[in-house]
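In what follows, a single structure is set out as structure tokens and then discussed.
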Amino acid sequence: MADKKISDAELEILEVLWSAEEALNANEIRARLNQKKNWERTTALTLIRRLLDKGVISQEKRDVYYYTPCMERSAYVKEETKSFVNKFFRGSAKNLAAALINDEDMSREEIEELRVYFRDSFR
């Protein structure tokens, strides 16, 4: 999936499917999306079609088509994070961490949480 760019709108469909933890049909997807904003039926169907074309979701024909993601959310996040680090930090997680720590918006408490996380993760 690394070579297949997922738009923000497509990602919203994926988030619905990941959170559902079961196959959903287009009406169910749209109903869940509409809890936050009003999506037209054609918009949801277009985005579902794009995700199918990219091989990111699969469909199963029952009484209507049901859709499931082809990748776990955690795997997608890991892949996107790796791509981000490669693109903006020359593949260096150290450079990413330095950028986060040097960010003026990051509190000392958040920096300390990162320090504890890294210390505990590599024991």
A quick test of your reading: do over 12 heavy atoms of other residues, nucleotides or ligands sit less than 6.0 Å from NZ of Lys87? no
Any idea which heavy atoms bring Asn95 and Phe89 closest together, and the distance? ND2-O, 3.5 Å
More than 12 heavy atoms from other groups under 6.0 Å of CG on Asp63: yes
Please determine whether a side-chain nitrogen of the Lys or Arg among Arg73 and Glu15 lies less than 4.0 Å from a carboxylate oxygen of the Asp or Glu. yes
More than 12 heavy atoms of other residues, nucleotides or ligands under 6.0 Å from CZ of Arg108: is that the case? no
Minimum heavy-atom distance between Ile13 and Ala44, given as atom pair plus value: CD1-O, 4.1 Å
Through direct or indirect side-chain contacts below 4.5 angstrom among Ile, Leu, Val, Met, Phe, Trp and Tyr, which residues connect to Val64? Tyr66
Counting only heavy atoms not in Arg119 (residues, nucleotides, ligands), do more than 12 fall under 6.0 Å from its CZ? yes
Quick check on the hydrophobic clustering: are Val16 and Met71 connected, directly or via other members, by side-chain heavy-atom contacts under 4.5 Å? yes
Are any of the side-chain heavy atoms of Val56 and Cys70 separated by less than 4.5 Å? no
For the pair Glu112 and Arg115, find out whether any cationic side-chain nitrogen is under 4.0 Å from an anionic carboxylate oxygen. yes
Least distance between heavy atoms, Trp18 atom then Glu72 atom: NE1-C, 3.7 Å
Just to verify, what does Lys37 make a salt bridge (Lys or Arg N to Asp or Glu O under 4.0 Å) with, not counting sequence neighbours? Glu12
Roughly how far, to the nearest 0.5 Å, is CG of Asn25 from CD of Glu60? 11.5 Å
Quick check: closest heavy atoms across Ala93 and Val85, and the distance to 0.1 Å? N-CG1, 3.9 Å
Which distance, rounded to the nearest 0.5 Å, do you find between the CZ of Arg30 and the OG1 of Thr42? 8.5 Å
Give me the atom names and distance for the closest heavy-atom approach of Tyr67 to Leu17. O-CD2, 3.4 Å
Check whether Ile57 and Leu45 end up in the same hydrophobic cluster, where Ile, Leu, Val, Met, Phe, Trp and Tyr are linked by side-chain heavy atoms less than 4.5 Å apart. no
Rounding to 0.5 Å, atoms NZ (Lys5) and CG (Leu11) come to a distance of 12.5 Å
Write down the atom of Ala23, the atom of Thr68, and the distance for their closest heavy-atom approach. CB-CG2, 3.4 Å
Is Trp39 close to Ile29 at the side-chain level, that is, under 4.5 Å between some pair of heavy atoms? no
Donor-acceptor pair, Thr81 side chain versus Val77 backbone, under 3.5 Å? yes
Euclidean distance, Leu51 CG relative to Ser58 OG, rounded to 0.5 Å: 11.0 Å
For Glu40, what residues pass the salt bridge (Lys or Arg N to Asp or Glu O under 4.0 Å) criterion, not counting sequence neighbours? none
